[in-house]
Amino acid sequence: MEGREQDQAALQEPEKKACCCSGRTKIRDEAEQRDLIHRLNRIEGQVRGIRKMVEEHKYCVDILTQVSAVQSALHSFNRELLANHIKTCVVQDIQQGKEETIDELVKTLQKLMR
């Protein structure tokens, strides 16, 4: 049994070190994933708060202010995710000679800048 568990662990090890894999997935380290999930949970709570404000017939300007805060939080999330992507996936792909990654990054930046 112990040898089998070691074999399975050895098979999983390369996956943990991989950045961008076939199938367009990424294995994130625990700290990065925890930070991203924390940000999303906070945004989710803000959106629920906005819904409650609408249900309670709160003043429009107050709701708009909260919507602006959510948009800012989403922009911050995007910046963090993009920075992590560049530092890991893009760098790794360029080092491996995958020049098409630069085109993909440019297209992504263009979409984000709309």
Side-chain angles (χ1 to χ4, degrees):
M1 223 31 166
E2 188 176 65
R4 179 187 229 175
E5 290 172 6
Q6 288 174 345
D7 290 342
Q8 287 177 341
L11 288 174
Q12 291 175 353
E13 194 61 33
E15 291 178 2
K16 290 182 181 178
K17 292 180 182 177
C19 179
C20 294
C21 310
S22 63
R24 298 179 60 92
T25 61
K26 177 183 178 185
I27 307 300
R28 292 178 175 80
D29 64 44
E30 286 184 41
E32 178 186 355
Q33 185 165 350
R34 187 175 47 247
D35 177 57
L36 293 173
I37 296 296
H38 178 73
R39 287 170 181 266
L40 289 172
N41 286 339
R42 198 169 344 134
I43 292 166
E44 195 175 11
Q46 288 175 300
V47 171
R48 281 194 304 271
I50 293 169
R51 179 182 178 164
K52 185 177 178 183
M53 291 176 78
V54 170
E55 291 170 347
E56 294 175 353
H57 308 284
K58 298 294 182 181
Y59 187 59
C60 298
V61 174
D62 295 338
I63 295 171
L64 290 168
T65 300
Q66 292 306 310
V67 169
S68 179
V70 169
Q71 288 172 326
S72 177
L74 282 168
H75 288 300
S76 178
F77 177 86
N78 269 355
R79 282 191 302 272
E80 185 69 25
L81 187 60
L82 180 60
N84 290 338
H85 176 63
I86 292 169
K87 291 175 184 176
T88 57
C89 298
V90 173
V91 168
Q92 180 181 335
D93 284 355
I94 290 171
Q95 288 172 344
Q96 293 176 357
K98 298 178 183 175
E99 297 293 324
E100 65 274 6
T101 299
I102 295 170
D103 294 332
E104 180 186 52
L105 178 60
V106 169
K107 287 178 186 175
T108 300
L109 290 171
Q110 289 171 340
K111 287 178 186 177
L112 292 174
M113 296 174 81
R114 289 183 189 164

Give a yes or no on whether a salt bridge exists between Glu32 and Lys87, defined as a side-chain N under 4.0 angstrom from a carboxylate O. no
Under a single-linkage definition using a 4.5 Å side-chain heavy-atom cutoff for Ile, Leu, Val, Met, Phe, Trp and Tyr, are Val67 and Val54 assigned to the same hydrophobic cluster? yes
Shared ILVMFWY cluster between Leu36 and Val90, side chains joined below 4.5 angstrom? no
When you check the gap from the basic side-chain N to the acidic O, do Arg39 and Asp35 get nearer than 4.0 Å? yes
Spacing of Leu105 atom CG and Ile86 atom CD1 [to the nearest 0.5 Å]: 5.0 Å
Do Leu40 and Leu81 belong together in a cluster built from hydrophobic side chains that touch within less than 4.5 Å? yes
Work out which heavy atom in Thr88 is nearest to a heavy atom in Lys26; give both atom names and the distance. OG1-NZ, 2.9 Å
Look up atom CD1 in Ile63 and atom CD in Glu56, then write down how far apart they are to the nearest 0.5 Å. 9.5 Å
If we ignore angles and hydrogens, is there a donor and acceptor under 3.5 Å between the side chains of His38 and Arg42? yes
Would Leu82 and Arg79 count as a side-chain contact (heavy atoms from CB on, under 4.5 Å) here? Give the steps. CA-CA 5 Å; Leu82 180 60; Arg79 282 191 302 272; 5.8 Å; no
Cluster check Met53, Leu74: I/L/V/M/F/W/Y, side chain < 4.5 angstrom: yes
Is there a donor-acceptor contact under 3.5 Å from the side chain of Ser76 to the main chain of Ser72? no
Inspect the surroundings of CD in Glu30 and state if more than 12 heavy atoms from other residues, nucleotides or ligands are less than 6.0 Å away. no
With rounding to the nearest 0.5 angstrom, report the CD to CD1 distance, Glu100 to Ile94. 10.5 Å
Nearest 0.5 angstrom please: Asn78 CG to His85 NE2, how far? 12.0 Å
Could you tell me whether a side-chain N or O of Thr65 sits under 3.5 Å from a main-chain N or O of Val61, the two making a donor and an acceptor? yes
About how many Å separate CD of Glu44 and CD1 of Ile37, when rounded to the nearest 0.5 Å? 9.5 Å
State the NZ-CZ distance between Lys52 and Arg48, to the nearest 0.5 angstrom. 11.5 Å
